[in-house]
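What follows is a set of notes on a single structure, which appears directly below.
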There are 2 protein chains.
Amino acid sequence: MLATMKATERRSRQREELRAEILRAARGIVLGEGYRALTMRRIAEAIDYSAAAIYQYFENRDAIAASLMDQGFEELAASFEACAAIADPAARLEAVGRAYVAFGLDHPETYRLMFMEDPEMTASLLERETGRQGPGERAYGALIGPVAELAAAGRLQPGGEAQPIADALWSALHGMVALKLTCPQFPATPTDTLLDTMLRGFVRGFIR
Amino acid sequence: MLATMKATERRSRQREELRAEILRAARGIVLGEGYRALTMRRIAEAIDYSAAAIYQYFENRDAIAASLMDQGFEELAASFEACAAIADPAARLEAVGRAYVAFGLDHPETYRLMFMEDPEMTASLLERETGRQGPGERAYGALIGPVAELAAAGRLQPGGEAQPIADALWSALHGMVALKLTCPQFPATPTDTLLDTMLRGFVRGFIR
DNA sequence: CCGTTAACTAAACAATGTTCAGAATAACGA
DNA sequence: TCGTTATTCTGAACATTGTTTAGTTAACGG
């Protein structure tokens with residue numbers, strides 16, 4: 001009985017461990033060779049199992065991708081945490097914006113997976129997220145929070161509402177990252193200049 | 001000899017015709033079932049030929065996709081032509097921005113193909129474009145033109161340069177479209193509101 | 001009508017994701 | 001320790017992909 005306990009526990013720990021190893025391998029492949037190289041057989045080779053074995057740990061390839069997306073959102077939210085200490089909402093918002101773009105450019109393949117690949121996958125993940133306080137919502141909160149604070153302090157331009165403004169900023173930042181990832185040589189403006197320009201315009205356009 | 005002329009001419013006309021039919025079919029498939037459904041066998045079925053026959057008209061599947069992208073750029077540039085008549089550069093710029101977003105939302109699969117799919121494909125197309133006045137460059141000119149006019153008229157905010165501002169606008173518009181295509185239910189702000197907000201912020205942020 | 005050339009097809013190849021019948025392994029009860 | 005049972009894993013298979021190739025069919029020219 002006691003031995004049974006120990007055994008099943010060890011078994012489930014080993015399960016967890018192998019599952020994690022699959023994800024580790026998958027992550028390595030995506031980072032090193034891109035999402036297109038993420039094949040079941042390639043993962044299997046990396047962990048020294050057969051491809052079929054993976055299906056005991058993940059329903060299918062999309063489930064693996066979804067897990068990688070989850071990790072991505074965690075990292076993104078984590079990179080926002082560092083900005084939380086900034087008191088002034090305008091300064092915090094700018095810091096979050098810069099962190100967002102930095103994340104996208106530093107983890108192009110992950111970002112691509114999260115926001116540019118399969119609509120259905122992104123949708124189902126965000127839906128699943130809607131349960132309270134997942135990393136996706138936390139990340140989104142880091143954007144809308146400062147804008148809401150500015151609105152509450154009467155520091156938005158007249159007629160401006162928090163949500164549309166926050167969404168507009170997110171869209172614009174996403175556009176910058178997405179465009180750089182899809183066609184690096186275009187637009188011609190260097191990334192830093194582009195980001196500075198965008199943020200300056202945003203501040204002048206929405207904050208007073 | 002004269003008969004030979006006629007025959008070869010007809011043959012080359014038939015070639016052209018079949019090539020066009022392949023593109024027509026491909027376009028129909030992409031529009032109706034999305035880019036993922038664009039398979040050689042599916043095209044072959046639509047035009048009542050074998051899949052292998054297509055390779056006499058296109059080097060590979062990517063070449064077909066590239067042709068569809070070309071058509072997309074043509075359409076985009078054409079939809080910008082309508083705005084060329086607007087005299088005031090600020091008003092013209094706003095019209096072009098609205099036309100851009102409308103194009104993306106009206107032709108989601110084409111837009112996806114053009115700006116969100118394969119980096120290499122988009123890159124090679126834009127590179128090929130760099131030869132003078134392709135539709136891609138014309139479309140880009142419709143964006144940077146008005147901004148340059150505003151700069152020349154001293155109507156930009158102090159310190160603002162035309163190119164970064166135009167690129168920032170393009171990035172922002174692209175972000176809006178791309179985000180809507182990838183996760184339609186997010187951001188929550190309705191598209192119209194989002195676009196209005198963005199354009200108002202842009203005007204206030206960069207134009208004086 | 002025959003020979004040449006172009007166009008087209010059927011079949012095959014190498015990948016892909018995924019499934020399934022069975023082999024191998026581990027855990028359990030005696 | 002041994003036999004039973006549950007779990008885990010594998011090899012082979014299937015259906016799809018893009019693409020190539022050998023060979024057949026059709027068109028053309030004289």
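The sequence lines fix the lettering, A, B, ..., with proteins before strands; numbering per chain opens at 1.
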From [atom1] of [X] over to [atom2] of [N], roughly how many Å is that when rounded to an integer?
X	N	atom1	atom2	value
A/Ile47	D/dT8	CD1	P	14 Å
B/Arg13	D/dA27	CZ	P	16 Å
B/Arg15	C/dT5	CZ	C1'	13 Å
B/Gln14	D/dA26	CD	P	15 Å
B/Arg42	D/dG18	CZ	C1'	17 Å

Looking at the side chain of [X], which of [options] is the nearest nucleotide?
X	options	result
B/Leu18	C/dC8, C/dG17, C/dC20	C/dC8
B/Ser50	C/dC20, D/dA13, C/dT9	C/dT9
B/Tyr49	D/dT8, D/dT19, C/dT9	C/dT9

Can you tell if the side chain of [X] reaches within under 4.5 Å of the side chain of [Y], non-hydrogen atoms only?
X	Y	answer
A/Gln71	A/Leu23	yes
B/Met69	B/Phe115	no
A/Arg42	A/Glu45	yes

Check: Between A/Thr193 and A/Thr189, is there a donor-acceptor pair closer than 3.5 Å when you use the side chain of the first and the backbone of the second?
Finding: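 Checking the backbone N and O of A/Thr189 against the side chain of A/Thr193, no donor-acceptor pair under 3.5 Å is found.
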
Notebook entry, point to check: Within the distance-only criterion (no hydrogens, no angle test), does the side chain of A/Arg200 pair as donor or acceptor with the backbone N or O of A/Leu195 below 3.5 angstrom?
Noted result: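 Side chain of A/Arg200 to backbone of A/Leu195, a donor-acceptor pair under 3.5 Å: no, none is there.
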
Note to self: Using the ring centroid of each side chain, check whether B/Phe80 and B/Phe103 are separated by less than 6.0 Å.
What the structure shows: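 So the answer is no for these two rings.
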
Checklist line | Salt bridge flag under 4.0 Å for residues B/Glu94 and B/Arg98 | finding: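 Salt bridge present between B/Glu94 and B/Arg98.
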
Check: Tell me the ring-ring contact (aromatic ring centres under 6.0 Å, His included) pairs involving residues 33-62 of chain A, sequence neighbours left out?
Finding: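 As it turns out, there is no ring-ring contact (aromatic ring centres under 6.0 Å, His included) pair with a partner in residues 33-62 of chain A once direct neighbours are skipped.
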
Next item on the list: Using a cut-off of strictly less than 4.0 Å between a heavy atom of the residue and any atom of DNA chain C, enumerate the qualifying residues of residues 30-40 of chain B by number.
Entry: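 Those residues whose heavy atoms fall under 4.0 Å from DNA chain C, taken from residues 30-40 of chain B, amount to none.
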
Note to self: Testing the 3.5 Å rule here: is there a donor-acceptor pair between the side chains of B/Trp170 and B/Tyr100?
What the structure shows: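 Result is yes, a qualifying pair exists.
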
Item checked: Nucleic acid contacts - residues 53-65 of chain A versus DNA chain D, non-hydrogen atoms under 4.0 Å ->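 Close to the strand are A/Ala53, A/Gln56, A/Tyr57.
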
